[in-house]
Protein chains: 2
Amino acid sequence: MEDKSQYGRMLKKENLRNTSHRQSILEALEASKEPVSAETLYLTLREKGISISMSTVYRALDVLAEKNIIVKTDFTDNNKSLFEIKREEHRHHLVCVKCRSVIPVMECPFHEYARALERQFGFSITGHKLEMYGYCRKCSESMDKSGNAP
Amino acid sequence: MEDKSQYGRMLKKENLRNTSHRQSILEALEASKEPVSAETLYLTLREKGISISMSTVYRALDVLAEKNIIVKTDFTDNNKSLFEIKREEHRHHLVCVKCRSVIPVMECPFHEYARALERQFGFSITGHKLEMYGYCRKCSESMDKSGNAP
DNA sequence: GTGCAAATGCGAATCAGTCGCATTAAGGAG
DNA sequence: CTCCTTAATGCGACTGATTCGCATTTGCAC
């Protein structure tokens, strides 16, 4: 999504006005390699010299998530929601429970599984979220050295 | 887990005192077929005539989740956390985005996938959470009738 | 039984997220 | 380009789940 006018089209398609704030938010999310919190996003924008309020950030994130342009995620921890742009392929995440780093993962082998569950329960699955917890390479190594088992 | 003294052993093993409140909480979670919120649990206990405070419920749930005796889950919605007892086999969930019903699912076909990711990223996976969203049978049907697409 | 750290109760505090309302600005019509 | 409607925004107050401080109680090792 290098072409920024693309955002305008996406917003229009959803009957959302193409405001400069929404543009900035989408650009910031696009630029971010990992999911960010509303607050982080707010601070990022302020740093860029953009004058915006928290309410607007929250409201924009809500409506964008509702329209499926971005994805809202809740990693169990500090009970803060994180947001990321919806890319071509959806992603899953490896979350390090120690240093809290997040590694995005592209592959998703769950389509057959989902199909089977739909048949079994008469449930129509429209989306899913998979998060995996554990220790990233660095944290496992540092614990090995210090003698603490993961 | 019919044998309630089992709880005592589990707690002791984690260096937690075997208090009557923790017993009650574990029993209530054991009895519940689906994940419950702290508040629901609190009310359930009060109804049973157990005098307990919200802080205690929260604190007990926290420590039990930390010790891996129960599981804390955040379904994106009303930003309330849900808790359930950790059973033999872990579960996944089908969450209806309309009526909010939750269907637990036993099967978990992800072990190979997890293994592959561990190799690929040097990440040591200790747990995972999969939630699937969509429309349960009842809600899809009622929407079909009313003409609203899911 | 005694002693002491862990657990609890209570109410105050925190803090992400929401809301009401007045103001501003998209963007379609003319 | 200007006008007009209405969505979007800012601000500050508010909410509601969760946490915290501190005094009191209770489990349990000895």
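Residue numbers begin at 1 in each chain, while the letters A, B, ... track the order of the sequences. Treat the numbers as computed from the prediction; the structure is a model and nothing was measured.
Nucleic acid contact class of A/S37 (heavy atoms, under 4.0 Å, all strands): none.
Taking side-chain N and O atoms only, A/Y58 has a distance below 4.0 Å to OP1 or OP2 of C/dG17. Between D/dT26 and B/H21, no contact under 4.0 Å exists linking OP1 or OP2 to a side-chain N or O. The side chain of A/T56 contributes no N or O atom lying less than 4.0 Å from OP1 or OP2 of D/dT9.
For the pair B/E66 CD and C/dA7 P, the computed distance is 11 Å after rounding to whole Å. Atom C1' of nucleotide C/dA16 and atom CG of A/D62 are separated by 12 Å, given to the nearest angstrom. Distance CE (B/M54) to C1' (C/dA13): 15 Å, rounded to an integer number of Å. Distance, B/L61 CG to C/dA7 P: 14 Å, rounded to whole Å. The distance between atom OH of A/Y42 and atom P of C/dA16, rounded to the nearest whole Å, is 13 Å. Going from atom CG of A/L64 over to atom C1' of C/dG17 covers 16 Å, rounded to whole Å. Atom NZ in B/K80 sits roughly 16 Å away from atom C1' in C/dA16 (whole-Å rounding). Summarising the geometry, the separation between CG on A/N15 and C1' on D/dT5 is reported as 15 Å, rounded to the nearest angstrom.
Donor-acceptor pairing under 3.5 Å, judged by distance alone, is present between the side chain of A/R59 and the base of D/dG10. Between the base of D/dG12 and the side chain of A/S55 there is a donor-acceptor pair shorter than 3.5 Å.
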For this session: Starting from the C-alpha separation in whole Å, work towards a yes-or-no answer on side chain to side chain contact (heavy atoms under 4.5 Å, CB included) for B/V71 and B/K86.
Result: CA-CA 6 Å; B/V71 182; B/K86 192 149 192 171; 4.1 Å; yes

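Two residues are said to be in side-chain contact when any heavy atoms from C-beta on lie closer than 4.5 Å; A/L26 and A/I70 meet this criterion. At a threshold of 4.5 Å between non-hydrogen side-chain atoms, the residues A/K13 and A/R9 do not count as touching. By the 4.5 Å heavy-atom criterion applied to side chains, A/L64 and A/L11 are counted as neighbours.
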Quiz: residues 39-50 of chain A side-chain donor-acceptor pairs under 3.5 angstrom, not counting sequence neighbours:
{"residue": "A/E39", "atom": "OE1", "partner": "A/K80", "partner atom": "NZ", "Å": "3.3"}
{"residue": "A/T40", "atom": "OG1", "partner": "A/S37", "partner atom": "OG", "Å": "2.7"}
{"residue": "A/T44", "atom": "OG1", "partner": "A/T40", "partner atom": "O", "Å": "2.7"}
{"residue": "A/R46", "atom": "NH1", "partner": "A/I52", "partner atom": "O", "Å": "2.6"}

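Under 3.5 Å, the side chains of A/E30 and A/Y7 contain a donor-acceptor pair of N or O atoms.
Of the listed nucleotides (C/dG17, C/dA16, D/dG10), C/dA16 has the atom at the smallest distance from the side chain of A/E39.
Only one option out of B/K67, B/M10, B/E66 pairs with B/L16 in a side chain to side chain contact (heavy atoms under 4.5 Å, CB included); it is B/K67.
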For this session: Heavy atoms under 4.0 Å is the rule here; annotate nucleotides 22-30 of chain C 5' to 3' with B where the base is hit, S where only the sugar-phosphate is, and - elsewhere.
Result: ----BSS--

